[in-house]
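Below: the structure, in structure tokens.
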Amino acid sequence: MFLLILLSIIVVLLTLYYLNGRSNEEYWKKRGVAFYKGNKVAGPFWAFVTQNRSLFEIFHDIYKQYKNEPAVGIGTFLTPTLYVIDPTNIQHILQADFNSFHHRGVEFLYEKDLLADNVLFMNGNRWKLMRQSITPLFTSTKLKNMFYILDKSAQDFVQLLKDKPKILTEGNTFDTLSTFCSAAIGATVFGITTESVFESPFLTMARNALAPTMKTNLQFAIAFAFPSAVRRLQLYFFKEHEDLFIGAIKQVLRQREKENVKKHDFADICLSLQKNGTMIDRETGFELEPTDELLAAQGFFFFTAGVEPTATAMFCVLVELGLNPDVLQRVHKEIDETFEKYDSFTYDIIMEMDYVGKVFSEGLRKYPPIGFSSRRCVRDTVLPVGNIKVSKDTQIITPIFEMHRDPKFYENPDKFDPERFAEDNKNGEITYQPFGKGNRLCIGMRYARLQALTGLVHLLRNFTVKSKVGKGGIKFSKQQVQVRPVNVDVELILRK
Ligand code: HEM
């Protein structure tokens with residue numbers, strides 16, 4: 001009897017599985033869109049869960065397989081999902097038709113999962129108002145004022161490596177770089193202190209927050225494929241970090257109110273937002289209270305982004321410098337000449353360093369720390385190339401890594417060639433998007449670049465690099481959206 005029930009359940013499940021796969025295929029066929037048959041029900045997410053590969057690598061395979069299609073439908077259980085390949089369609093989604101695609105594509109319980117209530121994950125009017133309110137933190141004037149914080153963190157970092165050379169021989173360089181990033185973004189968010197703080201509970205928090213465990217992989221897959229289940233299942237993503245992070249922000253804000261000094265950091269902008277009272281979007285009338293919790297959620301994401309992707313960007317540049325001695329030599333020359341020419345190092349000087357800037361851009365081209373972007377369609381619309389009808393609630397994936405390694409856009413894409421960025425407009429092209437594109441472009445783009453460049457320039461002024469690539473070449477660790485090279489390390493050697 002038991003066997004019969006079990007057998008019936010299996011038959012029903014297999015039938016539902018088959019029907020779901022067929023209906024996904026039919027859905028896209030009717031719209032004249034190619035369909036990814038790797039797994040008709042769970043699409044690339046099946047390979048992600050069952051194989052030890054990063055999700056962007058699986059998308060890269062699909063990109064190559066369907067390179068002549070404007071877009072490919074993929075199975076995501078009951079939610080239609082479109083993986084968009086044609087750059088004109090990508091531009092349409094991220095920029096031209098933003099009003100149809102402004103949703104991040106992932107669901108969160110903001111009112112309970114307090115740290116998820118940040119600009120990256122917010123949507124609609126809430127996102128618009130929060131983004132408008134914190135954008136002033138990243139103007140050139142603000143970055144200029146903030147430069148002294150990053151410069152001090154970088155100088156202290158180099159001193160630490162000189163004082164404790166064991167760090168260089170016993171640790172791995174990615175982790176070592178993330179201690180610099182944590183000190184720099186920590187000082188930018190919480191305020192600078194006399195001693196830079198390289199190891200802190202916040203660094204552990206940043207490392208854990210987006211770590212790809214079985215639990216987080218599953219949670220993100222549910223938040224993408226079954227948006228309404230997040231509320232029904234009461235899924236939390238960052239709850240365990242609330243006490244630490246919100247507690248720290250509250251303490252800094254109260255202390256700063258007492259001191260009444262300007263430090264040109266995140267705490268300053270939080271206090272000015274709180275002083276101005278309720279935030280109001282003049283266009284829509286939407287209102288938000290700048291509570292400590294809401295501001296802490298923004299700081300939480302800034303901190304996480306300031307550590308993980310920024311350390312990846314720095315690491316990849318060092319890896320390539322170690323593999324390309326001619327490029328390394330030019331970088332050292334530019335740095336040495338700059339320090340000989342000027343008495344002090346400033347924001348304007350770092351912005352003038354043309355070759356180092358090109359090297360950094362090429363590093364982000366070859367290894368964009370975020371592999372792809374996601375959006376959700378919020379109203380029925382049509383994509384221009386292929387005249388593809390996209391209905392409300394369709395999930396969208398747009399490529400980043402895949403375009404950066406497409407020989408159609410970058411000749412010999414595996415070659416590290418900073419001269420690709422000799423043309424001024426390269427950074428603005430749709431096929432180059434390490435920081436995304438359009439209205440949801442990375443808000444910390446210029447800050448991240450400044451933090452990474454300041455760290456790299458001080459480091460390379462004092463050290464040279466050798467890269468050690470393991471057997472089988474550079475590989476990538478299993479991540480949800482991140483691009484994290486493994487099987488490679490960099491040796492930092494003190495310059496004579
Ligand atoms: C090298 C380091 C970084 C890289 C490669 C990076 C990349 C990205 C990418 C690809 C996106 C998605 C854009 C899109 O969907 O179109 C994004 C969004 C975002 N990034 Fe970054 N990021 C970096 C560092 C930072 C830093 C340091 C901060 C803050 C201080 C930051 C704040 C944000 C925010 C708030 C968003 C969400 C924007 C929105 O949805 O409106 N990022 N970033």
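Computed from a predicted model, the values in this text were never measured in an experiment. One-based numbering, in listed order, for ligands and for the atoms of each.
- Listed for the Glu287 side chain is no donor-acceptor partner under 3.5 Å among the backbone atoms of Thr278.
- Annotation: cation-pi pair Arg365/Tyr410 present, NZ/CZ under 6.0 Å from the ring centroid and within 45° of its normal.
- The closest approach between any non-hydrogen atom of Arg104 and ligand 1 is below 4.0 Å.
- Among all non-hydrogen protein atoms, the one lying nearest atom 2 (C) of ligand 1 is Thr310 OG1, 3.5 Å.
- Given atom 3 (C) of ligand 1, the protein heavy atom at minimum distance is Phe435 CE2, 3.5 Å.
- Residues Lys366 and Glu320 are paired through a salt bridge, judged by an N-O separation under 4.0 Å between the basic side chain and the carboxylate.
- The shortest contact between atom 13 (C) of ligand 1 and any protein heavy atom is with Arg440 O, 3.3 Å.
- Counting only heavy atoms from C-beta outward, the side chains of Ser54 and Lys478 never approach each other to under 4.5 Å.
- Each of Gln395, Glu402, Glu69 was evaluated against Tyr83; a single residue qualifies, Glu402, per the side-chain hydrogen bond (donor to acceptor under 3.5 Å, both in side chains) test.
- Scanning the protein heavy atoms around atom 29 (C) of ligand 1, the nearest turns out to be Phe302 CD2, 3.5 Å.
- At least one heavy atom of Val119 sits closer than 4.0 Å to an atom of ligand 1.
- Put simply, no part of Phe303 is less than 4.0 Å from ligand 1, judged by heavy atoms.
- Between the CG atom of Leu82 and the CD1 atom of Ile397 there is a distance of 10.0 Å, given to the nearest 0.5 Å.
- At most 12 heavy atoms of other shown residues, nucleotides or ligands fall within 6.0 angstrom of atom NZ in Lys144.
- Among Cys442, Gly105, Gly438, the residue whose heavy atom lies nearest to atom 19 (C) of ligand 1 is Cys442.
- The backbone of Pro434, and not its side chain, has at least one atom closer than 4.0 Å to an atom of ligand 1 (non-hydrogen atoms only; backbone = N, CA, C, O).
- Between Arg254 and Asp292 there is a salt bridge, since at least one side-chain N of the basic residue sits less than 4.0 Å from a carboxylate O of the acidic one.
- Side-chain rings of Phe45 and Phe224 approach one another, their centers coming within less than 6.0 Å.
- Taking atom 26 (C) of ligand 1 as the reference point, the nearest protein heavy-atom neighbour is Ala305 CB, 3.5 Å.
- Only the side chain of Arg375 comes within 4.0 Å of ligand 1, counting heavy atoms alone; its backbone N, CA, C and O stay farther away.
- If you check which protein heavy atom lies closest to atom 35 (C) of ligand 1, you get Ile443 CG2, 3.3 Å.
- Residue contacts with ligand 1: Trp127 is placed with a nitrogen or oxygen under 3.5 Å of a nitrogen or oxygen of the ligand (distance criterion only).
- Between the choices Tyr447, Phe301, Phe360, the shortest heavy-atom distance to atom 32 (C) of ligand 1 belongs to Phe301.
- In terms of protein heavy atoms, atom 38 (C) of ligand 1 is closest to Arg131 NH1, 3.3 Å.
- Contacts of Ile370 with ligand 1, taken as heavy-atom pairs under 4.0 Å, involve the side chain alone.
- Side-chain rings of Phe59 and Tyr36 stay apart, their centers remaining 6.0 Å or farther from each other.
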